[in-house]
Amino acid sequence: QVQLVESGGGLVQPGGSLRLSCAASGSTFSINGMGWYRQAPGKERRLVAHITSGGSTNYADSVKGRFTISRDNAKNTVYLQMNSLKPEDTAVYYCNAKIILSGGSSWYHYWGQGTQVTVSS
């Protein structure tokens, strides 16, 4: 099995920065795309940013120019650098990875447990 473990959430003032990390571990596997989603109270989970295995990225319009997604393939880790944070960025942030286990024939999406990001003065 594979586990995704997130870290880096917390409380930050408006205009501040946070860096989220998500590391995949467990069985031998290969990772395709990786992404970050967020879910605010009473709202649906939505894509924030995505990065392919080749490094191509895309972002939700609401975070373009403020957030940067990156990955370290050697460490099976994806990052989300969040700058100029706003109160509306407050949400639980979830890591997602499209993974195939060694010897497997299908790709599956795995999720992290979520990390709370709160932007407030």
Side-chain angles (χ1 to χ4, degrees):
Q1 268 293 359
V2 177
Q3 297 81 39
L4 300 182
V5 179
E6 299 144 346
S7 61
L11 173 64
V12 63
Q13 292 186 342
S17 298
L18 282 175
R19 188 192 194 209
L20 306 183
S21 299
C22 172
S25 63
S27 304
T28 304
F29 53 85
S30 296
I31 305 176
N32 194 333
M34 303 184 81
W36 289 95
Y37 291 71
R38 67 186 181 188
Q39 187 168 19
K43 296 188 176 181
E44 295 181 350
R45 189 176 300 187
R46 292 184 177 270
L47 177 68
V48 175
H50 181 269
I51 185 167
T52 68
S53 57
S56 297
T57 60
N58 67 283
Y59 298 91
D61 288 343
S62 59
V63 307
K64 283 181 180 176
R66 299 188 297 122
F67 291 11
T68 302
I69 189 171
S70 61
R71 63 190 286 174
D72 185 334
N73 292 329
K75 296 182 179 180
N76 294 322
T77 299
V78 63
Y79 306 96
L80 186 67
Q81 178 66 44
M82 305 185 293
N83 299 328
S84 302
L85 282 161
K86 304 175 181 180
E88 51 264 44
D89 295 317
T90 296
V92 178
Y93 284 70
Y94 296 91
C95 169
N96 176 275
K98 187 177 181 182
I99 291 173
I100 186 168
L101 299 180
S102 178
S105 58
S106 300
W107 293 86
Y108 293 95
H109 284 272
Y110 289 80
W111 292 91
Q113 80 284 0
T115 185
Q116 177 70 47
V117 172
T118 302
V119 185
S120 175
S121 55

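Note that the structure is a prediction, hence the values are computed from the model and not measured.
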E88, CD atom: more than 12 neighbouring heavy atoms under 6.0 Å: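 Yes, the 6.0 Å shell around CD holds more than 12 heavy atoms from other groups.
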Drop me the distance from [X]'s [atom1] to [Y]'s [atom2], to the nearest 0.5 angstrom.
X: H50; Y: Y37; atom1: NE2; atom2: OH; answer: 6.5 Å
X: Y79; Y: T68; atom1: OH; atom2: OG1; answer: 14.0 Å
X: Q81; Y: I69; atom1: CD; atom2: CD1; answer: 12.0 Å
X: I51; Y: L80; atom1: CD1; atom2: CG; answer: 10.5 Å
X: H109; Y: I99; atom1: NE2; atom2: CD1; answer: 10.0 Å
X: I100; Y: S105; atom1: CD1; atom2: OG; answer: 6.5 Å

Are [Y] and [X] connected in a single hydrophobic cluster, I mean Ile/Leu/Val/Met/Phe/Trp/Tyr linked by side-chain heavy atoms less than 4.5 Å apart?
X: F67; Y: V92; result: no
X: L20; Y: Y94; result: no
X: L47; Y: W111; result: yes
X: L11; Y: V119; result: no

Ignoring hydrogens, what is the shortest heavy-atom contact between [X] and [Y]? Give both atom names and the distance.
X: L18; Y: V12; value: CD1-CG1, 4.0 Å
X: A91; Y: A40; value: CB-N, 3.9 Å
X: Y110; Y: Y108; value: CD1-O, 3.6 Å
X: S53; Y: N73; value: O-ND2, 3.7 Å

Give me each pair satisfying disulfide bond (SG atoms under 2.5 Å apart) with a member in residues 35-74, each pair once, sequence neighbours excluded.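 Non-adjacent pairs meeting disulfide bond (SG atoms under 2.5 Å apart): zero.
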Which pairs with one or both residues in residues 5-92 pass disulfide bond (SG atoms under 2.5 Å apart), sequence neighbours excluded?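 Of all non-adjacent pairs touching residues 5-92, those that pass disulfide bond (SG atoms under 2.5 Å apart) are C22-C95.
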Can you list every side-chain hydrogen bond (donor to acceptor under 3.5 Å, both in side chains) pair that touches [range], not counting sequence neighbours?
range: residues 55-67; result: R38-S62, D61-K64, R66-D89
range: residues 112-121; result: Q116-T118
range: residues 5-26; result: S17-N83

Using the rule given for side chain to side chain contact (heavy atoms under 4.5 Å, CB included), can you reason through F29 versus N76, listing the C-alpha separation, both sets of side-chain angles and the distance that settles it, and then say yes or no? CA-CA 10 Å; F29 53 85; N76 294 322; 3.8 Å; yes
Residues in side chain to side chain donor-acceptor pair (under 3.5 Å) contact with S70, at least two apart in sequence or another chain: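 Side chain to side chain donor-acceptor pair (under 3.5 Å) check on S70 returns nothing, list empty.
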For R71 and T52, indicate whether the former's side chain and the latter's backbone hold a donor-acceptor pair under 3.5 Å.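 Checking the backbone N and O of T52 against the side chain of R71, a donor-acceptor pair under 3.5 Å is found.
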